[in-house]
Amino acid sequence: MAAKTDTGARLANAILFPVVGLVLLAIALSVGLIAYTSRSADIAALNSERNLLRGSTGLQLELLAKEQEGVAVWDQAFFYARPETLSTDWLNANVGQWLYSNHGHDQTVIVSVGGEPIYNSVRGRLKAPEQAEHLLETVKPLVARARARFIASFSRLPSGLYYVERPKTGFTRSLYETGFAVFEGEPAMVSVTAIGPEMKQFLSARRPPAVLVSLKKLNPPRLAALAERSGINGLRSVPDPRKATGGAYMVLKSPRAAPLGYLAWAAENPGSAILSGVGPVLFFLAATIAGLTGLVLFYTRQNTRRLAESEARAQHAALHDSLTGLANRDFFAARFREELADWEVGKESIGVIYIDLDHFKDINDTLGHAAGDEVIREAARRLRVLVPEEATLARISGDEFALLLPGCDTRERIEQVLKRMQDRFAVPMYIGGQHLHVSLSVGAATAPEDSLSMGELLRKADIALYSAKASGRGRWAFFDIGMEEHVRTRENLAHALREAIAREKLTVVYQPQTTIDGTKVLSVEALLRWTDPDMGAISPAVFVPIAEEIGLINDLGLYVLRRACQDAAAWPHLGLAVNVSPTQFRHPRFIEDLRDTLEACAFEPTRLEIEVTESVFADNDTDILKVLTQVQKMGVRVALDDFGVGYSSLSYLRRFPFNTLKIDRSFIADLEIAPHAHAILSTIIDLGEALGMKVVAEGIETRQQAAILLRTNCDRLQGFYLSRPIPPERILEAERRLAGDEDTAAPAMISLSA
Ligand code: C2E
Ligand code: CA
Ligand code: CA
């Protein structure tokens, strides 16, 4: 069962895991896509912020250059910056201080025509030109380019003179170069421009210009202004790009392309912003989907498990017997087939054993089906604990069990098991308030000795079982060839019986019932006789059960009744007793058939007595009581046959007013051997008497027995001592003989003195 459930779970997993995987994958992909989109949006925004900043810084640099232009494109500055006419004072007042006070330039340096610093001021204060050396080293490429551009701008006249002329307006009036440098440890904007004349100047040679270097530190207010123009937030200078969050920085490079510093800002990150807005919603959605999937998974798993369980149950039910929980016939057959298929030469034998509860039918008939079921269950319990692990025990029909015993190296091994079983069953069962002795009959066959075919082995085990039963129950038998003959006989018997019944080959004999002194015949009991031409005389104790088995008992019973009524017409002064089998009695048409037969033979119902055994009382004994009552209402008497051998005779006696009680002949047979038999017999007779029944003692075989009976209150006698069952034509003769009218046979006269 557990294994089946596992299969179910595996099946569930096989279906569910891919589904769940897909759902999770879809969620993951969606999340990934959203994250990717937001990241892309962030990057795009960052790039555009960076471009804006770059543009703004470019504009600021150009503005710086434009601020320089006011002093750099100036004839006087051109003049005072030349080595021959150099005036530091003039330059300081008109360039350095002016640029600082008007435009806030942090440093102003002038480089001479020869390339040396000739003027240096920091925030309008004059400083030693040499102190500008470091700055100049940084901006050297800018200075060189500015000088080169200036020189390149000379035009040559045909006279050999050169002149410089600049455009009148716009940013391009000066020839400038811009870039970044470091000032007081902070990045700064630098613009370098040649100091040139305003008007057209004629020169004899291309002379390099003096160069004005202006520097504006990127201090917080400037950065704030820059940020505002670029439309970005939190712009600041950082020494290390790692200090910038989310890659929002721009590198500031020296003219030699060495990084000088970084501008970092608070990136807008619109994607992240959207994501953090919708994020919780997305998370909630994903969680809901995941949760729902989990729920579906859970319920589906549960359902599949339940399904698997019920399938396992169904499978178990299909292979097991519901009453005992043992394997059923199908399961047994399957296991048997497997074992046989696995068997090969050199392997140990396989035992197949049929087990049958003795007299189970009687238990069922007398105690009812509920008790019968309890007996079966108890038997199953007992058997189950006795069989070895590797064996298969099955219930194959009503009270029949089968045992498959692999690995039987010797017959003793099977016998050990069987012995243990029978020992266990020697202990009475306690069922329905009473102790029952239930014995087992067992038949065994072995593979490969008896056969290797399942059907054949089962048949042989069955034959062995039959033989064990026939040899007096509570035994076991192993199959041997001789038994087969026997069974064939039984089958032949059934066949011949069918034939004989059809052809009315059976005869009826009659056994007288006499008064207690044996002198007067009161009635006769009709007993069936069958003599087969080949098999000879066959006892009704043998063929009546066969007729029951093959479904002919009803016809047979009616045949006897009819014949007996016809025969009894010859002795109208005698009663007639006819045996009725339980099966015939339980037949739905029994009353009708009985009435029809009596009418057809014009037989007086009060002369007839039917004999039933207590096994007629099956579980639905209210119906049986009804039929019995109907029989009595017709005037027909009812006798309880074989009294004393069943299970609960007394209770039946109380429930139905039998007219006659026939004490079983085993009590009579016991008289001469068992110590208390006499007392028991007297008690039974007194009991019948007390209940108002006629008491008949059957099976009187000896004079002594007859003599003992004479001293009791018994009403009638029947037995070989008085008369064997005889053909109808001899009844009157027997009557006369018993009465002592004939001197030929004078056995019957019994007297106390005899
Ligand atoms: P039963 O009803 O108990 O019949 C009495 C049996 O005891 C008869 O055996 C009879 O021959 C035998 N018997 C009579 N006196 C003595 C005696 O002193 N000693 C011994 N040992 N036996 C004696 P039978 O005829 O072989 O019948 C056996 C059983 O077969 C009957 O037992 C009855 O149950 C059944 N039977 C016989 N005829 C019929 C019938 O027509 N219908 C039905 N349903 N059953 C029948
Ligand atoms: Ca009888
Ligand atoms: Ca009897």
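One-based numbering, in listed order, for ligands and for the atoms of each.
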Out of [options], who is nearest to [atom] when you count heavy atoms only?
atom: atom 4 (O) of ligand 1; options: Val508, Leu527, Leu561, Thr583; result: Leu527
atom: atom 2 (O) of ligand 1; options: Asp664, Leu717, Asp641; result: Asp641
atom: atom 22 (N) of ligand 1; options: Tyr721, Phe720, Tyr559; result: Phe720

Need the ligand 1 atom indices (1-based, order shown) with element for anything under 4.0 Å from a heavy-atom of [X].
X: Pro725; result: 11 (O)
X: Ser539; result: 26 (O)
X: Ile700; result: 18 (O)
X: Asp642; result: 3 (O)
X: Gly719; result: 15 (N), 18 (O)
X: Leu528; result: 38 (N), 41 (O)

Looking only at protein heavy atoms, identify the closest one to [atom] and say how far it is in Å.
atom: atom 21 (N) of ligand 1; value: Glu701 OE2, 2.9 Å
atom: atom 30 (O) of ligand 1; value: Pro540 CB, 3.6 Å
atom: atom 6 (C) of ligand 1; value: Arg665 NH1, 3.4 Å
atom: atom 15 (N) of ligand 1; value: Gln511 NE2, 2.9 Å
atom: atom 43 (C) of ligand 1; value: Asn579 CB, 3.6 Å
atom: atom 44 (N) of ligand 1; value: Ser581 N, 3.5 Å

Is a salt bridge present between [X] and [Y], judged by a nitrogen-to-oxygen distance below 4.0 Å?
X: Glu378; Y: Arg381; result: yes
X: Lys419; Y: Asp423; result: yes
X: Glu609; Y: Lys694; result: no

Taking backbone and side chain together, does Glu698 place any N/O/S atom at a distance below 3.0 Å from the Ca ion (ligand 2)? no
Over all heavy atoms of both residues, which pair between [X] and [Y] is shortest? Give the atoms and the distance, please.
X: Ile501; Y: Leu506; answer: N-CD1, 3.6 Å
X: Trp530; Y: Leu493; answer: CH2-O, 3.6 Å
X: Phe332; Y: Ala402; answer: CZ-CB, 3.6 Å
X: Gln584; Y: Asn554; answer: CG-OD1, 3.2 Å
X: Arg475; Y: Ala468; answer: O-CB, 3.7 Å

Of Arg716, Arg724, Lys662, which meets salt bridge (charged side-chain N to carboxylate O under 4.0 Å, His left out) against Glu525?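 Going through Arg716, Arg724, Lys662 one by one, the salt bridge (charged side-chain N to carboxylate O under 4.0 Å, His left out) with Glu525 is satisfied by Lys662 alone.
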Shortest-distance N/O/S atom, [X] versus the Ca ion (ligand 2):
X: Glu611; answer: OE1
X: Asp641; answer: OD2
X: Glu525; answer: OE2

When you measure from the side chain of [X] to the backbone of [Y], do you find a donor-acceptor pair of N or O atoms at a distance under 3.5 Å?
X: Glu592; Y: Arg589; answer: no
X: Lys460; Y: Asp450; answer: yes
X: Arg395; Y: Leu323; answer: no
X: Gln422; Y: Leu440; answer: yes

Using only N, O or S atoms, tell me which atom of Asp642 is closest to the Ca ion (ligand 3). OD1
Mode of Gln718 contact toward ligand 1 - side chain, backbone, both, neither (heavy atoms, under 4.0 Å): neither
Does ligand 1 have any atom that is closer than 4.0 Å to a heavy atom of Glu525? yes
Measure the distances from the heavy atoms of Glu698 to every atom of ligand 1 and state whether one is below 4.0 angstrom. yes
Crowded around His573 NE2? As in, over 12 foreign heavy atoms under 6.0 Å? yes
Within the structure, does at least one protein heavy atom fall under 4.0 Å of atom 32 (O) of ligand 1?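 Within 4.0 Å: no protein heavy atom nearby.
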Give a yes or no on whether atom 9 (O) of ligand 1 lies under 4.0 Å from any heavy atom of the protein.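 No; the ligand atom in question lacks any protein heavy-atom contact below 4.0 Å.
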Any side-chain heavy-atom pair of Phe585 and Leu628 under 4.5 Å: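 They are in contact (side-chain heavy atoms under 4.5 Å apart), so the answer is yes.
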